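Structure, as structure tokens:
One-based numbering, in listed order, for ligands and for the atoms of each. As the structure is a computational prediction, the values presented were derived from the model and not from experiment.
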Amino acid sequence: MTNQEIIALTGKYVATTYARFPIALVRGEGCRVWDADGKAYLDFVAGIAVCALGHSHPRLVQAITAQARRLLHVSNLYHIEPQARLAELLCRHSFADRAFFCNSGAEANEAALKLARKYAKERFSSDRTEIITMRGSFHGRTLATVTATAQEKYQKGFEPLVPGFKYVPFNDLRAVELAVDARTAALLVEPIQGEGGVQVAADGYLAGLRKLCDERGPLLIFDEVQTGLGRTGTLFAYQQAGVAPDILTLAKALAGGIPMGTMLAREEVMAAFTPGTHAATFGGNPFASTVALETITTILEEDLPGRAARVGARILDRLRTLQARLPSIRALRGRGLLIGIEVTADAKAIVAKCMERGLLILTAGDTVLRLVPPLILSEAEADEGLGILEGVLGEAA
Ligand SMILES: *Cc1c(COP(=O)(O)O)cnc(C)c1O
């Protein structure tokens, strides 16, 4: 089918939830993808920070085909070797003692919210149920996670929302101190707000939240659905803050493009999830677990967090040079290969222009361009993409 044919079929039968760009991508290799008419694009979107190993990575193709021949799914009625090994790998490389598996970021956050409430009720009191989240955050689209997402544009029309949530400004420690009371079960925060415009936690902010939780009892939950697994230059973004959460959520890059989410927690906290209290039919099935194991093993063996730090710094350097002569670049933010460019022009129009010239990038809100390329991005590919972006930004100015 051609781009136009696929667009027409989508327009006729697929739910109208997405404002899509007018191309259909049909093939990918490394950091490049091709549309149905054969046009090639350099991919700085990576399926929205999902395809950490790029497209058609030989190790993933091998793991996927081998596991498809062996066993796809059996349910959590039984023990699953790759799931157990994946949990071990995640715990070995993080603060956590145990992992719960599911299929998406929203589902991982939903699990975290449920666990926090159950733990706080049992450990403290039955009315310790409130969750504090940060303005500008993004935690998912289920009813509870969209309630946690403190942005009206995602909540509008879906009221009544889930009770028991309170919002405070991001990067404002004092506001959290004032909001926490004997009813606070947990704080939920992204170390870098991705959808919210690539807003980085200020120095000392996450450590301040940790101290507050230690003193006053709430659990600290980090949503690393977007920042996790190497993107920001370390395996987890929290490692750069020097403090660990009690609960951590991951999804996006976890299985390199196969849907999967996980919630990691300390032993004492996860113990509140006793048999029968929470579940996911597909969670941690043999297929997704095997692909996640291969994805994370590759990220570690090839030091992709290190590459993200290095190539990301190169991109930011070059953008800073550009900013010096282009006042239309208002701010540059990010860590590793999660980069935000705040512009004075219409961000969406810039994204469309880049697409025409063979570079895929995305936005984070109305005025921020977001770059989240595969972690395997080479210096040459970074330069090539920036060449296109600089041309478009230069003209937009
Ligand atoms: C993408 C994202 C989610 C939601 O993940 P889904 O897989 O779309 O449910 C939650 N939190 C953050 C920080 C995200 O970036």
Atom 6 (P) of ligand 1: closest protein heavy atom, distance to 0.1 Å, is Gly105 N, 3.5 Å

Contacts satisfying salt bridge (charged side-chain N to carboxylate O under 4.0 Å, His left out) that involve residues 337-346 (not counting sequence neighbours) are Arg330-Glu342, Arg333-Glu342

Numbered in order shown, the ligand 1 atoms found under 4.0 Å of a heavy atom of Gln226 are 15 (O)

Ligand 1 atoms nearer than 4.0 angstrom to some heavy atom of Asn109 are 10 (C), 11 (N)

Item to complete: For Glu195 and Tyr154, test the side chains for any donor-to-acceptor distance below 3.5 angstrom and give the result as yes or no.
Response: no

message = Is any side-chain heavy atom of Tyr41 closer than 4.5 Å to one of Leu359?
response = no

Taking only non-hydrogen atoms of Asp223 and a 4.0 Å limit, the atoms of ligand 1 in range are 10 (C), 11 (N), 12 (C), 13 (C)

Atoms of ligand 1 under 4.0 Å from any heavy atom of Ala106, numbered from 1 in the order shown, are 4 (C), 5 (O), 6 (P), 9 (O)

Residue pairs passing the salt bridge (charged side-chain N to carboxylate O under 4.0 Å, His left out) test with at least one member in residues 210-222, sequence neighbours excluded, are Arg210-Asp214, Arg210-Asp246, Lys211-Glu215

Check your understanding: Does atom 8 (O) of ligand 1 have a protein non-hydrogen atom under 4.0 Å from it?
Key -> no

Contact region, His139 to ligand 1, non-hydrogen atoms below 4.0 Å, reads backbone

Please assess Phe170 against Tyr205 for the test ring pair (Phe, Tyr, Trp, His ring centres under 6.0 Å), listing each intermediate value before the final yes or no. CA-CA 9 Å; Phe170 183 57; Tyr205 179 63; 5.5 Å; yes

Note to self: Would you say that more than 12 heavy atoms from the other residues, nucleotides or ligands in this model lie under 6.0 Å from the CZ of Arg370, or not?
What the structure shows: yes

Contact region, Ala251 to ligand 1, non-hydrogen atoms below 4.0 Å, reads neither

I'd like to know if Arg174 and Glu177 make a salt bridge, using a cut-off of under 4.0 Å between side-chain N and carboxylate O. yes

Going by the 4.0 angstrom heavy-atom rule, the piece of Lys252 near ligand 1 is side chain

Glu190 heavy atoms within 4.0 Å reach ligand 1 at atoms 13 (C)

So the atoms of ligand 1 within less than 4.0 Å of a heavy atom of Ser104 turn out to be 7 (O), 9 (O)

Using a strict threshold of under 4.0 Å (side-chain N to carboxylate O), is an ion pair present between Arg135 and Asp172?
no

